[in-house]
Protein chains: 2
Amino acid sequence: MTRAAALKRPTLHDVAREAGVSLITASRALSNPGVLSEKTLERVLQAVQDTGYIPNLLAGGLKSQRSMTIAGLVPIISVPQFLPTIRTLTETLDAAGYQLFLGQSGYDYSREERLIDTMLARRPDGIVVAGLVRSEQARDRLRRLGVPVVETWDLSDRPIDVVVGFSHLKVGSAVAGYFLSKGWDRVGIATGDDQRAMQRLEGFLAAFGRDVPTVKVPAPSNLAVGRRALAELLQKDPDIQAIYCSSDGFAQGVLVEAAHRGLRVPEDLAVCGFGDADFAAHLLPSLTTVHVDGAEIGRRAAQLMLDRCKGIAIEHPIVDLGFRIVERESTGKRTLPTN
Amino acid sequence: MTRAAALKRPTLHDVAREAGVSLITASRALSNPGVLSEKTLERVLQAVQDTGYIPNLLAGGLKSQRSMTIAGLVPIISVPQFLPTIRTLTETLDAAGYQLFLGQSGYDYSREERLIDTMLARRPDGIVVAGLVRSEQARDRLRRLGVPVVETWDLSDRPIDVVVGFSHLKVGSAVAGYFLSKGWDRVGIATGDDQRAMQRLEGFLAAFGRDVPTVKVPAPSNLAVGRRALAELLQKDPDIQAIYCSSDGFAQGVLVEAAHRGLRVPEDLAVCGFGDADFAAHLLPSLTTVHVDGAEIGRRAAQLMLDRCKGIAIEHPIVDLGFRIVERESTGKRTLPTN
DNA sequence: CTGTTAGCGCGTTCAT
DNA sequence: ATGAACGCGCTAACAG
C-alpha cells in the first residue's frame, strides 16, 4: 500500500507529458521560470496542480551536487541554552530553502567523529556546530573536504572555517571582576563540566586571583542539581557570600535551595547565572546573569552559512558577538516594583 | 575550492576499483556484508579506509526509494514541552540509521500545509507530528500518499495512520475532579491558546460544571506571562483559591507572582501545572502537576514509525499512554524535608 | 558468492 | 525559447 502509493507519485516526466512539453521545460518552469514563455509556464504550472506533483529534492540534489540541507551538531537537543539558536537557525535557513537536520554528539564527545561521518553521508551543503569541533582529526577531515563549517557559541583563532560567538574566558573574568568590584571575598562556583563552562571557570579563577570552592556537575546542569550544588558549597564554606553558576537553570536551583534554607538573596548570598534565559528577569529575586544573544548567533550563523553556500567570500570569519552582565536583584540591584 | 574538493570525493566506484571488485560487490560489503566471502569483504573495507570513502545516502535513497529520513513537525522547536519527545525520537531513530529533520509549523497552523509539502519534497520515509495534523486537506493528502504518519501528544478516533499520546479532555476533567475533591469552589484557569490546551480547558469546565475565570494567552506560555496571568486572575476574582495552568513554566510564573504579592501557596492559593517538567518537583513549594511521559512518547512514536517503515503490521494504531496527577506541595501535599 | 544490466528523478551540457 | 542526450552515485533484479 505504502509502496504502491509511493510508486504512483507523479514525476516531472508526468508533469511534462500532461503539459505537452519536454522534461527539461517542466524542470525550468520550477527552477528558472524566467526563461520560459508565459504560456508554456502557465501550462506547466497547471499540470503541476493537476498531477499533484511534489518535486524530488533528492534526485535534483544528486545531479546538482547541492542537497539544500545543513547539518547541525549539538551536544543534546534539549539543552535550553542552544534553543534560541536552533530556532533562528532553522528559520533563517528555511527562508532560503534549506533544511536543517540535527545530530546529537553527546557531552562526552566520543561520538563526535562518528556522528560527523554519519551526517556527511547525507551530503549536507554545510555544517553548523554548537560549540567548537573538539576532535583534531575531525577538524582536519572537514577542512580537507572543504565543507563549509560554522562553529558557534565560542571563539577561536583558528576555526575550521567560520566561527560566530564570544569568549568564554572573558565571560569568566568579567564575572570575577564584577564579584571583586562588589567586595565579595568568599565566593564559590557551581558549574557544568562541558568545555565552554570550563573555560569560563578558568577565566574566573585567573581574574579572581586564587582558587575558590567549586562544585562541578555533569552537563547539562538544571534546577534540581542546582539545589544539591548549593548544599555542597555550603559544606565547603558555610560563610560563602556569592556564587557564580554556569547556567540560569542551575542558578535557579541555588535560589530555590537558598530560600529553602532561609538564606536571603542577596543579603546572605548573592547569585549570578549565565545565559539570560527567558525566566531570569522574572524570578524573585530577579537573577543577575550573563546575557548572550543566542537568537542572534543562530541568525548570523545561518547568514554566514548561506553566503558560504553561494560562494560569497566571507570577510570576517571570526565574529565576536560579545556578552554583557545583566545586573539584577540576586546580586543586590535595587529595582522599582514590577507591574 | 569547495567545489573542487567535493568533486574529488571518492565514490563507491573508486572503492571497487581499489579493491579490485565490481561496484555491486563493494555496495554489498556495506549494506549486506553477510553474503560476501570474508576475504573480499576485508579487501573492500580496507579500500574504504584507504580512499576515505563516505557513502552517499542521497544516491542510495534515490534508487532504493528509502531516504532513511523521518520528518518531524513541531509548532516551535523551542517549546520545552516537546523537548524530551524530540530527544528520544532522535535517539531511537538514529539507532536504526534514520535521520530526523524538523520543521516548524508555527502555532497558527497556517503554514502547516505548505510545510508538509516542503518536507515531502525531501522524500521522508515517514512523518512524526507533535499534536494532530489539523488541516483536513493535509490529512487527506497524507492518507492518499500512503506516507507513514505518527501523530503524538494527543489521541483521536480517526488518526491519519497511527497516534500515540493521551486524552487532553480527560486531563482537564481529572484536574477539575481533583480541585472539586479538595473542596475548592473559587478557581481559575491560566491557559495557552493552542489546540491541546483548549481541549484540557474544555474537559475542565465540563467536569467542573460551570464557567470559571480564565486567562488565555498566546502559546507558548512561560514564566513571564504566568506572573501577568495571576495578576489578571486576581482582578477577576480577588478571593481565588486555586489555579490550573496549562504548562509548568506558566505555573511557575504564578508561583513567583504569588510570592511577590505575599500570597502563601497553598494556604492562600493552590496551583497546579501541566507537564511535570524537570524542575516541577524541585520548586519551593514543589509544584503539583500532570505528569506526561514525553520521553516515552518519543520512543514509542519512533518504534511505531520504524515498524511501519519495515512494513510490520501495527496491531494497535491508537496508543494511549495516559497521564497522572502528581500531587505536591503547591496544592497542599505534606512532604518530608528534602535531602 | 560475485557480476551485469538497468534504471531511480532530475539538472547540466550542448544543440536547435 | 525549447529539446535530446547523458550522467549524478547508487542499488534492485536478475544472471552466472
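Labels below follow one simple rule: chain letters A, B, ... track the order of the sequence lines, proteins then strands, and each chain is numbered from 1. On a predicted model such as this, the values are computed, not experimentally measured, just so you know.
Ion pairing between a basic and an acidic side chain is recognised when a charged N comes within 4.0 Å of a carboxylate O; A:Arg196 and A:Glu151 show no such pairing. Using a 4.0 Å cut-off between charged nitrogen and carboxylate oxygen, B:Arg299 and B:Glu296 count as a salt-bridge pair. Taking 4.0 Å as the cut-off between side-chain N and carboxylate O, A:Asp14 and A:Arg17 count as a salt-bridged pair. Classification of B:Glu112 and B:Arg141 as a salt-bridged pair fails, no side-chain N sitting under 4.0 Å from a carboxylate O.
A straight line from CG of B:Asp14 to C1' of D:dC8 spans 14 Å, rounded to a whole angstrom. Across the protein-nucleic acid pair, B:Glu42 atom CD and C:dC1 atom P stand 16 Å apart, rounded to whole Å. Spacing between atom CG of B:Leu36 and atom C1' of C:dG3 amounts to 12 Å, rounded to whole angstrom units. In this structure, B:His13 places its NE2 atom 10 Å from P of D:dC8, rounding to the nearest Å. Between the CG atom of B:Asn32 and the P atom of C:dT2 there is a distance of 12 Å, rounded to whole Å. Atom CG of B:Leu57 and atom C1' of C:dC8 are 15 Å apart (whole Å). Distance CG (B:Leu41) to C1' (C:dT2): 13 Å, rounded to an integer number of Å. Atoms CG (A:Leu23) and C1' (D:dT2) sit 12 Å apart, rounded to a whole Å.
Relative to the side chain of B:Lys63, the nucleotides C:dG7, D:dT2, D:dG9 differ in distance, and C:dG7 lies closest. For B:Arg28, the listed nucleotide lying nearest its side chain is D:dA13; candidates were D:dA4, C:dG9, D:dA13. For A:Ile24, the listed nucleotide lying nearest its side chain is D:dA4; candidates were D:dA4, D:dA12, C:dC10. The listed nucleotides are D:dT2, C:dC10, C:dT2; the one nearest the side chain of B:Val35 is C:dT2. Distances were taken from every side-chain heavy atom of A:Ser37 (C-beta onward) to each of D:dC10, D:dA1, C:dG11; the shortest belongs to D:dA1. Residue A:Tyr53 places its side chain closer to C:dC10 than to any other of C:dT2, D:dA13, C:dC10.
Within the structure, every side-chain polar atom (N or O) of B:Ser64 is placed at least 4.0 Å from both OP1 and OP2 of D:dT11. Residue A:Ser22 has a polar side-chain atom (N or O) positioned under 4.0 Å from OP1 or OP2 of D:dG3. The shortest distance between the side-chain N/O atoms of A:Gln65 and the OP1/OP2 oxygens of C:dG11 is not below 4.0 Å. Distances shorter than 4.0 Å separate some side-chain N or O of A:Thr25 from OP1 or OP2 on D:dG3.
Backbone-only contact: B:Thr40 has heavy atoms under 4.0 Å from sugar-phosphate atoms and none from a base.
A:Glu113 and A:Ser135 share a side-chain donor-acceptor pair at under 3.5 Å.
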